[in-house]
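In what follows, a single structure is set out as structure tokens and then discussed.
No experiment lies behind these values; they were computed from the predicted model shown. The figures here come from the full heavy-atom set of this structure, side chains too, leaving out hydrogens, waters and symmetry mates.
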Amino acid sequence: MKAVELKKAYDPKDFEDRIYAEWKNNGMFSPMAEDNEDGEHFSIVMPPPNVTGILHMGHALNNSLQDILIRYYRMKGLPTLWVPGTDHAGIATQHIVEKQLQEEGIRRQDLGREKFLERTWQVKEKHHDIIAHQLEKIGTSCDWEHERFTMDEGLSKAVRECFVTLYEKNLIYKGEYLVNYCPHCGTALADDEVDHSEEAGKLYDILYPFSDGSGNITIATTRPETMFGDIAVAVNPEDERYKDLVGKWVNLPLTGRKIQIITDSFVSLEFGTGMVKITPAHDPNDWECGKRHNLEIINILNSDGTLNDNCPEKYRNVPAYDARAMVAADLKEQGYLVKEVDYNHEVGHCYRCNTIVEPYLSEQWFVSMKSMADKALEAWQAGDVKFYPKKWENTYSHWLTSIKDWCISRQLWWGHRIPVWYCDACGEMIVAREDPSECSKCGSKNIRQETDVLDTWFSSWLWPFSTLGWPEKTVDFTRFFPTSTLVTGYDIIFFWVARMIMASLEFVGEVPFKDIYITGLVRDKTGRKMSKSLGNGIDPIEVVNEYGSDAMKFTLSYMATQGQDIMIDMDSFKFGSRFANKIWNATRFLLMNMEDRNLVDKKDFKLNVFDKWIYFRLNEAARKVEESMKSYRFNDGASAIYDFFWNDFCDWYVEASKPKMYSDDETVKDQTISILLDLLAESMRLMHPYISFMSEEIYSKLPNTEGNVINTSYPEWSEERNFAAENDLVLNLQEVIRGIRALRGELQISPEKRIKCIIRVDISDSKSDFLNNQTDLLKIFLNANEIIIDIDKSSDISGAVPVAGSGFESFVFVKDAIDVEKEIAKLENEIIKSEKNLNGTNKKLSNEKFMNNAKQEAIDKELSKKAEFEEVIAKSNKHIALLKTL
RNA sequence: GAGGGUGUAGCUCAGUGGGAGAGCACUACGUUGACAUCGUAGGGGUCCCGAGUUCAAAUCUCGGCAUCCUCACCA
């Protein structure tokens, strides 16, 4: 073989893009063919990012984890499908386009709906390319052939099927309700699209004079401007203070309109004055109260959040917030404002633009959720869906238990237009799967479509099956639905996860995925959420540019412990990068030593103890990765790979192989490099899900591999490699070496100083035989010039410094550099520690209850501990005596 | 107001009913034929506090304290 030269330093830029293109262009992300369409499969639908958004670390995290799962199961040989895609993000995308228009000095209304949508599609295409490119940069091995967009033809058909079906089932209705309305976005929002946060405001006490001139009452409010919509004043029926006032009329200041005092039990006796102004059109509680008492409703807002013609002229067209100050000032001037105190209260904000949300009375479309929520709860109770970690099931069940109807109409243009038509001739409302050309009742052509569009989530809740072709019974749908696992963040458990389960049960009759892995949140080093407004985010693309996609994925997965948020900064990714560099260099070392070697056939490998040990460790690592995939403990898999490759393979096995690599015996050299390359190739397979690009790059350079690592088989635990006995032998050897190394370190013996060691073993057994055969290796690891394995304890140890171990003692000859006092103190310390331990152990062993109740295993363990502690104490005492003779 | 998470080394965090762990940082030594993005060794912890269960608790239970989050909100 010829040596292969690798660049001295790992540089992911050299190969990541190239390899991604190779994979993609060769269809390696597509599901493999199979005969049996109903066979076992593994599929994931990617949570669709906002098409006009930019990937943030949260996306990088959840796509990294999905990628690990997909690559693992792909290598396991399952037909594997990862569906990528984006959603149309109604509000956000419309914003972007409107902002562009604004810069050009036009409004969308000037353009008209059709032209506006054309333009929005162009914007969508441009942004789509950005986000798709970002997904490629971070290495996602999703099947681009299956990419979907929520407004694709097929998905739009699914949305319409869903809407019409729910309407037919009487689960969709239209009505005038008080909804959350964002004046900035100009649209209604669902309840969960409103974020509540504390806002500094004022609590105003205002006098409302009795109409008969007999005095005043005082009401308290935080929003005085809404008084133009007041229709009553309510007190608690139990409130003795106001019993006599019920039924009396008061005049509204500033307008003089008369309203009556009524009773309603929702009024708190303690808060404020115990008197509440009732404004049904502008407060949810008042709305409910108004319904109970059949009160008139006065809407005082325009759709842009300014006061309307129901208000006195001077306030008209003034934004509500500004009107508040005006009203307060006017009330004060006219003597109606008796008190004004600072008051912090929770105010709803639009989750897209953070504008204060107004309760706003309007005609909207709703989905009746109760029946679907019940089914979704039942499915969870039956164990059809499982959350990892389990704690999120509380969030899920709590939300479903207290669910409210879902407002799905949005006053936007970008989105799925509601498939409802109104006939201007006869007033008929037509809800149809196909666009009608005439009224189904009177035949008039004079029909017009509903102008509102649907909430974006109304399309994404169909994502797991609409992307696979539903409502058509496609091959993809039959093969890959239900999907296997959903990986997402906890912030969208209600928005999306619960709704997908509901939709799937409703339309397909089964859950859309079995396992739901909820990732932690990516935070900065101080624990704050990464957000645009704080400016503390890290751009995943910058991470990739600086450290590479492999380093990013490995770092994130190593930190992805279940239920924990991940705190990182840019430097955190050095961790993965260092590991990648280590792998790179180990490979580089092996490849440069291939020169003139002949590859030995694997079945002719003659394995020694060390070889068996490393195969055992590899075997265990494969088992750990398998367990971690099954339990979604990604960090366990990452640690297993890290520990195996660095601590076992590089630090011990490669080091132990060096003497053989430089041997004079060509056969030994061939055999040694062959096994090393075999281990290296298998390591690449082992780590491919976590370290994808480099493992592919290295795999392709190895002389003992064919094809790509991405679609080769994954290492599996096998009984044949379960060399537990050999593992024990090597662990023992490591202990011997570590003991002597520690002594070297403590005695400050310079690394180049070669030493003589005598190693006494207590009994003659396989361990001593093994040690006896490893003197060359011990010399290397210890930089010793003489190693004596002293089985019959006949060697002269005078003048040597002793090291105690379990089952052995080592004696190191270093006359020059010993601080006897220090050594003795160290041993005395050791004795104290061991005596303390021995004490504890003896206490347990002499405790009848322990002996009677403890598992035999625990008792045996205590017994062996006792022996070990006694041995250490005895040896240490002996060694102290020995040191004193020096 | 309701619910939940977290509290282990200086930092970021694993872990576990039975002898306290990793990475980073730190200290010492080292450029020995891949890797200084490295190697070898070392220091460093009442496992938040208190009680209970148990033969045994850092681990399980309860109660505090601290911190973070989610949901619901009273004008």
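Atom CD in E546(A) sits roughly 14 Å away from atom P in U37(B) (whole-Å rounding). For the pair F850(A) CZ and A57(B) P, the interatomic distance rounds to 12 Å; values are reported in whole Å. If you take NE2 of H345(A) and P of C74(B), they are 11 Å apart, rounded to a whole angstrom. Rounded to whole angstrom, the span from the NZ atom of K660(A) across to the P atom of G33(B) amounts to 21 Å.
In this structure, of C35(B), G18(B), A75(B), it is C35(B) that holds the atom nearest to the side chain of E655(A). When each of C69(B), A34(B), G19(B) is scored by its nearest atom to the side-chain atoms of A586(A), the top-ranked nucleotide is A34(B). For A858(A), counting side-chain heavy atoms from C-beta on, the closest listed nucleotide (C69(B), A75(B), G18(B)) is G18(B). For Q564(A), taking side-chain heavy atoms from C-beta onward, the closest of the listed nucleotides C71(B), U6(B), A75(B) is U6(B). Of all nucleotides listed (G4(B), C69(B), C35(B)), C35(B) comes nearest to the side chain of K8(A).
A cation-pi geometry, defined here as NZ or CZ lying under 6.0 Å from the six-membered ring centre and within 45° of its normal, does not hold between R617(A) and W652(A). Annotation: cation-pi pair K391(A)/Y490(A) absent, no NZ/CZ under 6.0 Å from the ring centroid and within 45° of its normal.
A salt bridge links K866(A) with E870(A); the closest basic N to acidic carboxylate O contact falls under 4.0 Å. Salt bridge status for K624(A) with E620(A): absent, with no side-chain N to carboxylate O gap under 4.0 Å.
Applying the 3.5 Å distance criterion, the base of A56(B) shares no donor-acceptor pair with the side chain of K843(A). One cannot find a donor-acceptor pair under 3.5 Å joining the base of A14(B) and the side-chain atoms of Q562(A). K582(A) contributes a side-chain N or O that forms a donor-acceptor pair with the base of C35(B) under 3.5 Å. Below the 3.5 angstrom threshold, one finds no donor paired with an acceptor across the side chain of E862(A) and the base of G19(B).
The side chain of R744(A) contributes no N or O atom lying less than 4.0 Å from OP1 or OP2 of A41(B).
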